[in-house]
Amino acid sequence: MPELPEVETTRRGVAPHVVDRQIVRVDVRERRLRWPVPEALAELPGQRFCSVGRRSKYLKFHCTAGTLLVHLGMSGSLRLVAADAAPGKHAHVDIVFDNAIALRYIDPRRFGSMHWLPAGSGEHPLLAGLGPEPLDEALDPDHLHRASRRRRLAVKQFIMDSRVIAGVGNIYACEALFLAGIHPGRPSRTISAKRYRRLTEAVRDVLGQAVAAGGTTLRDFLGGDGRPGYFSQQLHVYGRGGEPCTKCSGSLRELRLGQRSTVFCPSCQT
DNA sequence: CCCTGAACCTGACCGC
DNA sequence: TGCGGTCAGGTTCAGG
């Protein structure tokens, strides 16, 4: 479910309801996520989140004692619920506020994670090596080209490497490469600076539009306010293997790159 | 340093 | 109805 637009949609949906509210309780029903849920969450009661940020696909809940990092993995979501609402099978953590609302972390596959970063302890190791944010206005249009000079792997895997550029997931990698007219299997180093500039623009466009639309709806995505996103109708290639290309009407093809399904148009993407 | 494949886990779906 | 196989939005880690 969550790619960067879904994470950003969650941030926007959740922030107004949790910022400045006093935390009264944290219920951890299941500690076994990708990494164990930190014991330090026990220090949250009495605190208030002063802001909610995002870096790559990590949400950052800031308070004076430190920062709670939340990653949604493949199947995670955050919902605002009544504090007494029945948790259900995969509702692993609740952060309960003084107005009887809870921020509920739900994650069937448990590939997500939570981390606690005490105030003043610098950057979390998981965030330290991340590449630039794709939606940062200051992103250098030649960044991808420069970073690719010694890389032989397929360009799709290259742009999905979070050390190269943060937050480009499988759906949007496919979509951006289609928009830029680049074959996803092309070796990174064989692509010109001009085409990388076009690809950079495509990544920003596709992510920006998806954020504006409130995230992609695949199966069950709901924003923090419980409203579904509507972007899935605009996907050109993802999930459309064998169907006609929206540009040339040829048949879209599917291949696997780095264990991920990849859809592209063999005539529009070279 | 670069690259590949395994691993983590549950649920949905498909063919028999 | 059940059973086995395949697939799914992500990321880290071990090993070549």
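Within every chain, numbering begins at 1; the chains are lettered A, B, ... in the order of the sequence lines, protein sequences first and strands thereafter. Excluded from the calculations below are hydrogen atoms, water molecules and symmetry mates; all remaining heavy atoms, backbone and side chain alike, are included.
A/Asp107 places its CG atom 13 Å from the P atom of C/dG10, with the value rounded to the nearest Å. Rounded to an integer number of Å, the gap from A/Arg54 CZ to C/dG10 C1' is 15 Å. Put simply, CD on A/Glu3 is 6 Å from C1' on C/dG9, counting in whole angstrom units. Atoms CZ (A/Arg189) and P (B/dC1) sit 17 Å apart, rounded to a whole Å. Distance, A/Met160 CE to C/dA8 C1': 12 Å, rounded to whole Å. In this structure, A/Leu257 places its CG atom 16 Å from C1' of C/dG10, rounding to the nearest Å. As a whole-Å value, the separation of A/Asp161 CG from C/dT11 P is 11 Å. Between the CG atom of A/Leu59 and the C1' atom of C/dG10 there is a distance of 14 Å, given to the nearest Å.
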Exercise. Take A/Val211 and A/Arg12 through the test side-chain contact (heavy atoms from CB on, under 4.5 Å) and record every step on the way to the result.
Key: CA-CA 10 Å; A/Val211 169; A/Arg12 293 178 185 186; 3.6 Å; yes

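In this structure, A/Val24 shares a hydrophobic cluster with A/Val96, the cluster being traced through Ile, Leu, Val, Met, Phe, Trp and Tyr side chains under 4.5 angstrom apart. Under a 4.5 Å side-chain heavy-atom criterion applied to ILVMFWY residues, the cluster that includes A/Trp35 comprises A/Tyr58, A/Leu69, A/Leu126, A/Leu127, A/Leu130 as well.
For the side chain to side chain donor-acceptor pair (under 3.5 Å) condition, the pairs that include at least one residue of residues 116-133 of chain A, sequence neighbours left out, are A/Arg54-A/Glu133, A/Arg55-A/Glu133.
The side-chain hydrogen bond (donor to acceptor under 3.5 Å, both in side chains) check on A/Arg32 picks up A/Glu30, with sequence neighbours excluded. Applying the ring pair (Phe, Tyr, Trp, His ring centres under 6.0 Å) test to A/Phe158 and every residue at least two apart in sequence or in another chain returns nothing. Scored by the side chain to side chain contact (heavy atoms under 4.5 Å, CB included) test, A/Ser192 finds A/Lys194, A/Arg195 as partners (sequence neighbours excluded). In this view, A/Arg151 and A/Asp161 satisfy the salt bridge (charged side-chain N to carboxylate O under 4.0 Å, His left out) rule, not counting sequence neighbours.
Going from the C1' atom of B/dC3 to that of C/dG9 covers 24 Å, rounded to whole Å. The separation of C/dT6 from B/dA6, taken at their P atoms, amounts to 13 Å, rounded to a whole angstrom.
Heavy atoms of A/Tyr58 sit under 4.0 angstrom from primed sugar atoms or phosphate atoms, though from no base atom. Looking at heavy-atom distances under 4.0 Å, A/Ser113 makes no contact with the nucleic acid at all.
A donor-acceptor contact under 3.5 angstrom links the side chains of A/His62 and A/Thr67, judged on distance only.
Distances shown here put a side-chain N or O of A/His71 below 4.0 Å from the OP1 or OP2 atom of C/dT11. Applying the 4.0 Å criterion to OP1 and OP2 of B/dG11, one finds that A/Ser75 has every side-chain N and O outside that range.
Both A/Glu254 and A/Leu126 lie near DNA chain C, and the one whose nearest nucleotide falls closer to the 5' end is A/Glu254.
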Practice problem: Could you run through nucleotides 3-10 of chain B and give me one letter per nucleotide, 5' to 3': B if any protein heavy atom sits under 4.0 Å from the base, S if only the sugar-phosphate is that close, - if neither? | Solution: SSBB-BBB

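One finds the CD1 atom of A/Ile191 at 11.0 Å from the NE2 atom of A/His183 (value rounded to the nearest 0.5 Å).
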Exercise. Represent DNA chain B in dot-bracket notation, 5' to 3'. Only Watson-Crick or G-U wobble pairs with both distances under 3.5 Å count; pseudoknot-style crossings use [ ] and interstrand partners use |.
Key: .|||||||.|||||||

